[in-house]
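Right, one structure below, let's go through it.
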Amino acid sequence: MTRYSAWSILKNALKGNKDWTPAWRKPEPKSSYDVIIIGGGGHGLSTAFYLASQHGITNVAVIEKGYLGSGNIGRNTTIVRSNYRLTPNSQFYEKSMELWRELSHNLNYNVMFSPRGVLNLAHTPGQMDTYAERGNQMRLMGVKSELLDRDQVARLNPGLDVSGSARFPIEGGLLQPDAGNARHDAVAWGYARAADQLGVDILENTEVTGFLKEGDRIVGVETNRGEIRAAKTGVAVAGSTSRVMKLAGVEKLPIESTVLQAFVSESIKPIIPTVTTFGAGHLYVSQSDKGGLVFGGNIDYYNSYAQRGNLPVWEEVTSELVAMFPNFARLRLLRSWGGIMDMSMDGSPIITAGPLDGMYLNAGWCYGGFKATPASGWCFAHTIANDKPHALNKDFTLDRFKEGRMIDETGRGPTPWYH
Amino acid sequence: MSGFRLNLRDGLGRAVDHDSKINFTFDGKNYEGRKGDTLASALMANGVSIVARSFKYHRPRGIFSAGSEEPNALVTVHSGPRTEPNIRATELELYEGLEVKSQNRWPSVNLDLMAVNQLPGKAFSAGFYYKTFMGPSRPGHKATQFWWFCEQLIRRAAGLGKGASQADPDKYGRMNAFCDVLVVGAGPAGISAAERAASAGAKVILCDESAVAGGSLLSSPELLDGEPAFDWAEERLAELAEHENVTVLTRTTVQSMFDDNTYLAVERVADHIKRPAKHQVRQRAWNIRCKSAVIATGAIERPIVFAGNDRPGVMLADSARRYVVEFGVSPGKAVCVFTNNDTGWLAARDMAKNGVIVEAIVDVRKDVPDNIRAAGEESRAEIFLGAAITATNGFQSLSGAQISEFTETSGEVGRKLKKIGCDCIAVSGGWSPAFHLTSQQGEKPVWDAELQAFLPGGAISAWHGAGAMAGKFGLRHAFRSGEEAAVKALADAGLGEGDSDVPRIEGDEIDYAPAPVFEINSGGKAFVDLQHDVTSEDVRLAHREGFISVEHLKRYTTLGMATDQGKTSNMSGLAIMAEARGKPIPEVGTTRFRPPYTPTALGAIAGESYGHLASERLTPMHDWHVAEGANMYANGPWLRPESYNRSGESVEQAYIREAAAVRKGVGLVDVSTLGKIDVQGPDAAEFLNRIYSNGFAKLPVDKARYGLMLREDGMLFDDGTTWRLEENRYLMTTTTAGAGQVMDHLEYHRDVVWPDLKVALTSVSDEWAGVAVAGPKARNVLKGCVSDCGVSNEDLPFMGVQKANIAGIPVWIARLSFSGEMAYEVYCGAGWGQELWNVLMKAGKRFNITPYGLEALSTLRIEKGHVAGPELNGRTTPYDLGLGGMVSSKKNFVGATLLKRDAFHEEDRLQLVAIKSIDGQRIRGGSHLVKGNKDEPGRSEGNTTSTCFSPELECYISLAMLEGGAARYGEKIYATNPVRDCHVAVEVVSPHIVDPDGGRMHG
Amino acid sequence: MKRAVAPHLGTIKMRLTCPFCGERDHQEFTYRGDASAKRPAIENDSIEDHRAYVFDRANPDGDHRELWNHTSGCRMHVVVTRNTTTHKVTGCEPVGPWAKTMKARS
Amino acid sequence: MVDFPDRISPLDAVAEPGVFGTDTNSPKVFLSENLCGSLIQVQAWPDTISVVEKALETLTKLAVPKAPETAHSENVSIIQTGPGRWLIDAEVEGLEDKLRSKISAKNGAVTGLTHARVVVEVKGPKAAWVLASGIAIDFSLKAFPVGTSQVSHHHEIGVTIHRTSEESFDLYVFTSFARGIWHWITTASSEVGYAVS
Ligand SMILES: Cc1cc2nc3c(=O)[nH]c(=O)nc-3n(C[C@H](O)[C@H](O)[C@H](O)COP(=O)(O)OP(=O)(O)OC[C@H]3O[C@@H](n4cnc5c(N)ncnc54)[C@H](O)[C@@H]3O)c2cc1C
Ligand SMILES: NC(=O)c1ccc[n+]([C@@H]2O[C@H](COP(=O)([O-])OP(=O)(O)OC[C@H]3O[C@@H](n4cnc5c(N)ncnc54)[C@H](O)[C@@H]3O)[C@@H](O)[C@H]2O)c1
Ligand SMILES: Cc1cc2nc3c(=O)[nH]c(=O)nc-3n(C[C@H](O)[C@H](O)[C@H](O)COP(=O)(O)O)c2cc1C
Ligand SMILES: [Zn+2]
């Protein structure tokens, strides 16, 4: 398989691009593997890659029901950051940032990690204090952060309405200067290609329809392409967690599925340099390399497995966007879509062995699992390989709800659609 | 392309008003058009052929279509704050003084130096970015840095037009509309559906995206009831518009179909004039809810992909015909038609009939029906059957085409037949039904092998397809299917069938099924996605690299992701992929359509919210605060005075002055924003007892009690005082921010959990204005103005509540203290709030009464150790805040059980303390508590929550949450605040700094 | 991401038929989730029962019985039966003190 | 009866009389503020609804509505806003105490809302059009007949709407949000021209 580089591109171009080979194989499923990962999204693929590259476990299958990357990895607003407040989140997401910075290199695939800065706007002095508190926690955890005043914000993002007459005047903001975006599809493809090169079988269009059990132990899965056995089965199916776990007999989980919409405008020349979030509502926006404004806001609150949403979120999101950037009002929405969010009861993830023997669970990513992709795979692979959590995911248990150790970053409590 | 205006005579160019000339500019050059022209028809009439540049290679691009499917002809309109990039010239209506610029080119659209992008040629193929720019192969963030550098350059080169840099000065509106039947598309199918539905008495809304409704009738050669189709449509639409049950909306695109028959349509109210009149909106969003819908959106012509097909001059055949018939503009001096179906021939005939020279008709099919052959002969064109165009030439624009033999069944290209000179190739690859709206709901379209097209799949909502959209091509089918769909929609709406009224049609009846030919593979650059420069070779490369799912194909090559969303290119792309995979088209499938149908202004979706994001919530004393120079602070929707700055005073100076005045004398503060809930009923006491963590059952009448509310997970939810006004009547107060949620919480428990309790809950936040009078002189102030009730300690003891009267205003007075001073809260009807305030100010004048704002309010409660929003952050329990005494062990209540979980009782939890600055340095908001010095602060052991300068202690203090804090009074640590660059030595103290035994407030 | 000052601009737009007010946009309602989560009786002090009530969800794909409050209308709670994959609503019944009376009157 | 001081409405400062907007010669919308003497909410318990209905009937001489409808005489209207819940809008002041004395806690709850709502009258040929621009209910006569009422909202702000004739509506809006509603109505009305009295 060719290593990607400028040189290989030139060489191939001269030959009319006839010699390129598939980025990953399309193998037939084997009857058994050491580890099966269900879900060919970012987390499933990165788990497979780290199992192979960090733990030497290469006899691995990633089982994906649709085309690779058809889930949330392919439909998110690509924001990558680690500006968290609570320690378990803060150290986990910072590990992710560390991996992001090396990712293109390690995968030999340009995932276009773009550290353009993530700016959260504050609209009251009280909110500035809250952001300062978060910014300080970041600093104490070794994460870069800057508290900006109104002028600094205006200089960074010239289109912003920084006037005092704005409905929610901008007071300042919290900047994580080395956070940013990455190209969502490339992350899936890059991990897939790299895992494939290490021997991982990626089985697309293969749907898990049931689990194989010996007593209470999970020993593999049933799929539309037959039974596949494995000593260990990891579940990383994001929005589909409840339905897949139900196949294994787990009837209830602290998770609800809802739809989150995302939006992209027509391409225009660069107009906004950073990722920017509105602090008086719920809105985040950045500009893709192609020139489209990519933005999103709240989930459509109700439980849903449909990858499409409804009009109120359109109205809410665009209203906030044009309030923040009134010069965007004449720009046009090109496309909108939805993804199914695995909203956990405290807004934080679950990466754990269990809840059944032979099974491992990775879920509860809410709005924010894209940025977690590398660290999630890193920790999940560790948990699967060693049958115990990595220090970074030891708090992301299922038992925390029983014990009262919720990791509630927003403090909104057990109402998943608030997180 | 060197188009020109035809000799306009009766019947030709009906869409334009030949006598009214319009001046406009394109790239600064003056041109003349006619009223009714689109920018595209006017540019074409002026012989302008290159109007834009493509996205990636910056290749010259001409006009490709005549409608909203246009991939090529994107321009920028207006300048300054109204600048609008990426406008489709094919839809832009001409008006006097219109200024248009080409975009994505440097220095000009005819000479674009960015076209060097195409030089690397094959190296710049699909997937290029993923394979390179990874940077030097050394680890250590080098990869990131190298890409970051390249990305900046790439971003600058990408993008199409430039957006405005100032706020859009225009307004947007909304309309909520309800109807029985929504009809989308006012072509023959839509018109007949609307007529039929209206005849049954249905309320109908008929939308069409064009300026002039009529769809294909505007250019149909047929006679309807003996009249030209154009006239017939005009009459019928006028009748419909007169009908009292029918609303006809033109320039209105139905953009999206949402659940339960809810649609978003956007009306372009004032885009066809220079700028909206004063008070007029530019665009209006229609939120339409219907009982059923008829979708009659027609079909979009698709091209055939061939080498050199992106030269300006290559365009869709039916569009070429429409420019001739509707606008009276010839797309070129010599036109060559290239088709795989009968409609191309009719285009040739109709163009020729109107004076356009059609050089050749090239059809991939070996045979065509007789009537089609006759149409060809009528056009006087040279006819090539079993042939294809295999190359084009020209410098920038088209000047000729190579015609070669072609075998339809094998796709083989044979010998060259003839090179003909032409400046326009009108190409027709068949028709794709425009079912975009219906597939937005996610239902998969189904393949029709006969029509070689996808048709709409099943329906979740109540809609019915009609006309070309549903695969019912031809006028006869269009009318009939329109009526049939209307009958079904009427049934959905519970209405009768109405009357049929199909016109008599004279004209050809033809077969719309094309030959299954999508691409002529003869080598050379053949473009599939014209805007994004995706070639047929890119599609094959994606196949080779394993990106074989259509969704992968799209994402890997960006085919169909441009501003046209692949309206004319998706089919060709997936057909080429199907061929590469050796699979039939339906097995390869199609990518998903998503809303909106065409790009939609963000301002229009925001509608009336643009410029008015959310209403402000104001207290009765708002105008007074503003007049007194208060700076107002947004607290949720409320605006509250932050402080009343005297001239030259900073906020900090002002609040310190205000707080000190309260401690030493008396102050008053507007507390009208507190949530207030009227709780009544025989079970009100029991209900409150279950809701609050502390006891409420035994609260005596005329007394208030401070209560804690928990979430069911044991965390603090809200707090406030509740007053027992009568045996069965309470007034509950909540925090300002929590009011709505508390109301929801109470109603949920009343309705869903304990429906047997008789409790009435009413929000009375707006009924009552509230003023707190606080300070050692507070009683003196009240004494001077209260009647009907004493204010002494005996008459109105701490936590007592009394009805009284102040200057004729009926009030409730409660002896409550948030500040720790002697204090009263006085409530009256909101309409009297300002009057009450005035009276109190007057009564307090002698005591130098000082109005105080949020900052002082907060300062006073911090000194007192009272918790508020920042401490009730959703992660704290009553124990954490030292309020364990308020957790009753004698009863169960919401949150009681889960509060018992182990983790809530661990010793190292964050607990409420106060800290005070040791050396006078300022503690700033958002500090963390650490043991180390500034350079090595160490781990965070907690954080400050509410910070202020304490006039009482004359130093900076803060409430804070500290690990095991309750046992750490006296400890010296640091409040570090690196983002604000401070690091302050502090002492941990009890949060009850002022008057810990409560002597002042009880006094 | 965190919602801070939060102007509440809206929730949902599908149509629900409130038993009192009639058919309205979902936007007038507040979603309250799975209606099968039943609070243990006030006397019940079992952590396990409360934990299950607060945190465990079946989260089905297909029909979901869920609570909505007609916040901007009559403020009644209703139990809506809605399919989570198609969003089709097939039922909307009143709950609360008036449920019985309303059913009897209709 | 006690002589209360005058109430100040939040609209006093913003609702300037005059004619505004596009067509000042023939405004299509007429706006005014109506002060109600008393606005009282009465709620019954499911098993006492007939007692409360009777008490209301005795006091107002009106047949109490049993659906989201209104009953009105010259100086009092009763609007049903929920099951077992009514809003009584009366010209007289001090109705709250009278009602309280007639309806004991055992039978129901009486809550004064006189200060909590501002009543804006919107009338004219474009009244329904203006209201439909911001409230998502069907204002056609068939769906919203004269003499009925509906509770809905404009964005986050609740409004109770009483259709008093084909072309006129009384809007009961929250006092604290009254200026927000006024802003919307006047902005929307300016497209067709409006008069404030
Ligand atoms: C609109 C939107 C915006 C977002 N924005 C951001 C953001 O800006 N930043 C951020 O950090 N995060 C964001 N997220 C969240 C992020 O995308 C997700 O948390 C993350 O992608 C989830 O992990 P994943 O990639 O493994 O999930 P997915 O990509 O969803 O992977 C799960 C896979 O499991 C497969 N699967 C399901 N059931 C089965 C079965 N039975 N058998 C086989 N396979 C199955 C699915 O097909 C799917 O491919 C956003 C999400 C959405 C929807
Ligand atoms: N020229 C040809 O050879 C050819 C090809 C195909 C169909 N036809 C003819 O077209 C007729 C089909 O009639 P029809 O009524 O189905 O289609 P139509 O094309 O006549 O009308 C469709 C109308 O829908 C409008 N529209 C499309 N999407 C819209 C949206 N989202 N919102 C608002 N408006 C939208 C278009 O502007 C157009 O006016 C038949 O007579 C058929 O013969 C002709
Ligand atoms: C960050 C990002 C940027 C996107 N940019 C575009 C775009 O420029 N054009 C486009 O058509 N779609 C764009 N999309 C949307 C995809 O076309 C697609 O809608 C999305 O991946 C969900 O897939 P689906 O619509 O097939 O369900 C973008 C998606 C993401 C996540
Ligand atoms: Zn209702």
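Residue numbers begin at 1 in each chain, while the letters A, B, ... track the order of the sequences. In this text the structure is predicted, and so the values were computed from the model without any measurement.
- Contact annotation for B/Leu541: only side-chain heavy atoms (C-beta onward) come within less than 4.5 Å of a heavy atom of chain A.
- Both the sub-6.0 Å distance and the 45° axial angle are not jointly satisfied by B/Arg555 relative to the ring of A/Tyr67.
- Panel note: side chain B/Thr600, backbone B/Pro596; no donor-acceptor pair is recorded below 3.5 Å.
- The distance between the ring centers of A/Trp24 and B/Phe547 falls below 6.0 angstrom.
- Residue B/Phe717: no heavy atom, backbone or side chain, is found under 4.5 Å from chain A.
- Across B/Leu602, B/Asn104, B/Thr132, the residue that shares the most heavy-atom pairs under 4.5 angstrom with chain A is B/Leu602.
- When ring centroids are compared, B/Trp148 and B/Phe133 stay outside the 6.0 Å threshold.
- Across B/Ala903, B/Gly603, B/Ala562, the residue that shares the most heavy-atom pairs under 4.5 angstrom with chain A is B/Ala903.
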Let's go through A/Asp346 and A/Arg400 carefully: what are the C-alpha distance in whole Å and the side-chain angles of both, what is the deciding distance for salt bridge (charged side-chain N to carboxylate O under 4.0 Å, His left out) to 0.1 Å, and is it a yes or a no?
CA-CA 10 Å; A/Asp346 59 357; A/Arg400 66 180 187 263; 2.7 Å; yes

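- For a residue to count as touching a neighbouring chain, one of its non-hydrogen atoms must lie under 4.5 Å from one of that chain's; by this rule B/Asn873 touches chain A with the backbone only.
- Across B/Gly442, B/Ala164, B/Ser256, B/Pro595, the residue that shares the most heavy-atom pairs under 4.5 angstrom with chain A is B/Pro595.
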Begin from the C-alpha positions of A/Lys18 and B/Glu537 and carry the test salt bridge (charged side-chain N to carboxylate O under 4.0 Å, His left out) through to its verdict.
CA-CA 10 Å; A/Lys18 296 282 186 254; B/Glu537 267 318 303; 3.6 Å; yes

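- When the candidates B/Met715, B/Gln166, B/Gln565 are compared by the number of heavy-atom contacts under 4.5 Å with chain A, B/Gln565 comes out ahead.
- Looking at B/Asn287 and A/Glu315, their side chains do bring a donor and an acceptor atom within 3.5 Å of each other.
- No other option in A/Gly159, A/Ala6, A/Ser5, A/Pro414 has as many heavy-atom pairs under 4.5 Å with chain B as A/Pro414.
- Proximity to chain A (any heavy atom under 4.5 Å) is shown, for B/Val651, by neither the backbone nor the side chain.
- Between chain B and the residues A/Glu146, A/Arg139, A/Gln307, the most heavy-atom pairs under 4.5 angstrom are made by A/Arg139.
- A/Arg116 touches chain B through backbone and side chain together, each having a heavy atom under 4.5 Å away.
- Proximity to chain A is limited to the backbone of B/Gln440, based on heavy atoms less than 4.5 angstrom apart.
- The two residues A/Leu283 and A/Met324 come nearest to each other via the heavy atoms CD1-CE, 3.4 Å.
- Looking at B/Ala285, neither its backbone nor its side chain comes within 4.5 Å of chain A, counting heavy atoms on both sides.
- When the candidates A/Leu174, A/Leu107, A/Leu86 are compared by the number of heavy-atom contacts under 4.5 Å with chain B, A/Leu86 comes out ahead.
- Contacts of A/Phe401 with chain B are made by backbone atoms alone, with heavy-atom separations under 4.5 Å and no side-chain atom involved.
- With a 4.5 Å cut-off on non-hydrogen atoms, A/Pro158 does not touch chain B at all.
- B/Tyr633 and B/Asn631 share no side-chain donor-acceptor pair at under 3.5 Å.
- In this structure, chain A has a heavy atom under 4.5 Å from the side chain of B/Glu642, while its backbone stays farther away.
- Judged by distance alone, the side chains of A/Asn310 and A/Asp300 never bring a donor and an acceptor atom under 3.5 Å apart.
- Only the side chain of A/Arg167 comes within less than 4.5 Å of a heavy atom of chain B; its backbone N, CA, C and O stay farther away.
- Both the backbone and the side chain of A/Leu334 come within less than 4.5 Å of a heavy atom of chain B.
- When each of B/Glu906, B/Arg282, B/Lys162 is scored by its heavy-atom pairs under 4.5 Å with chain A, the top score falls to B/Arg282.
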Any chance you could lay out the salt bridge (charged side-chain N to carboxylate O under 4.0 Å, His left out) test for A/Asp185 and B/Lys554, step after step, and finish with the verdict?
CA-CA 11 Å; A/Asp185 289 329; B/Lys554 162 182 147 176; over 6 Å; no

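- Within the 4.5 angstrom heavy-atom criterion, only backbone atoms of B/Pro81 (N, CA, C, O) approach chain A.
- The choice from A/Arg330, A/Lys269, A/Lys402 that makes the most heavy-atom pairs within less than 4.5 Å of chain B is A/Arg330.
- With a 4.5 Å cut-off on non-hydrogen atoms, B/His543 does not touch chain A at all.
- Looking at A/Leu331, both its backbone and its side chain come within 4.5 Å of chain B, counting heavy atoms on both sides.
- With a threshold of 4.5 angstrom between heavy atoms, B/Thr976 approaches chain A through its backbone and through its side chain.
- Side-chain contact of B/Thr558 with B/His532: a donor-acceptor pair under 3.5 Å is present, judged by distance alone.
- Contact annotation for B/Tyr129: both backbone and side-chain heavy atoms come within less than 4.5 Å of a heavy atom of chain A.
- No part of A/Met141 comes within reach of chain B, as not one of its non-hydrogen atoms sits under 4.5 angstrom from that chain.
- Per-residue heavy-atom pair counts under 4.5 Å with chain A were compared for B/His552, B/Arg592, B/Arg174, and the maximum is reached by B/His552.
- Inspection of the B/Thr563 and B/Gln531 side chains reveals an N or O donor paired with an N or O acceptor under 3.5 Å.
- A/Tyr109 and A/Trp189 have their aromatic ring centers separated by at least 6.0 angstrom.
- Between chain B and the residues A/Thr87, A/Val264, A/Asp408, the most heavy-atom pairs under 4.5 angstrom are made by A/Asp408.
- Exactly one of A/Asn327, A/Val285, A/Leu160 qualifies for a side-chain contact (heavy atoms from CB on, under 4.5 Å) with A/Ile272. That residue is A/Val285.
- Remark: the A/Thr410 side chain and the A/Arg412 side chain contain no N/O donor-acceptor pair separated by less than 3.5 Å.
- Using a 4.5 Å cut-off between heavy atoms, B/Glu712 does not touch chain A at all.
- When the candidates A/Asp19, A/Asn108, A/Thr415, A/Asn12 are compared by the number of heavy-atom contacts under 4.5 Å with chain B, A/Asn108 comes out ahead.
- Inspection of the B/Asn86 and A/Arg332 side chains reveals no N or O donor paired with an N or O acceptor under 3.5 Å.
- For B/Arg82, the parts lying near chain A are the backbone and the side chain together; criterion is any non-hydrogen pair under 4.5 Å.
- Geometrically, B/Lys131 engages A/Trp20 in a cation-pi contact defined by less than 6.0 Å to the ring centre and at most 45° from the axis.
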What verdict does the salt bridge (charged side-chain N to carboxylate O under 4.0 Å, His left out) test give for A/Glu204 and A/Lys26, after you've listed the backbone C-alpha separation in whole Å, the side-chain angles of each residue and the deciding distance to 0.1 Å?
CA-CA 8 Å; A/Glu204 289 181 85; A/Lys26 313 251 173 228; 2.9 Å; yes

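- Contact annotation for B/Gln103: neither backbone nor side-chain heavy atoms come within less than 4.5 Å of a heavy atom of chain A.
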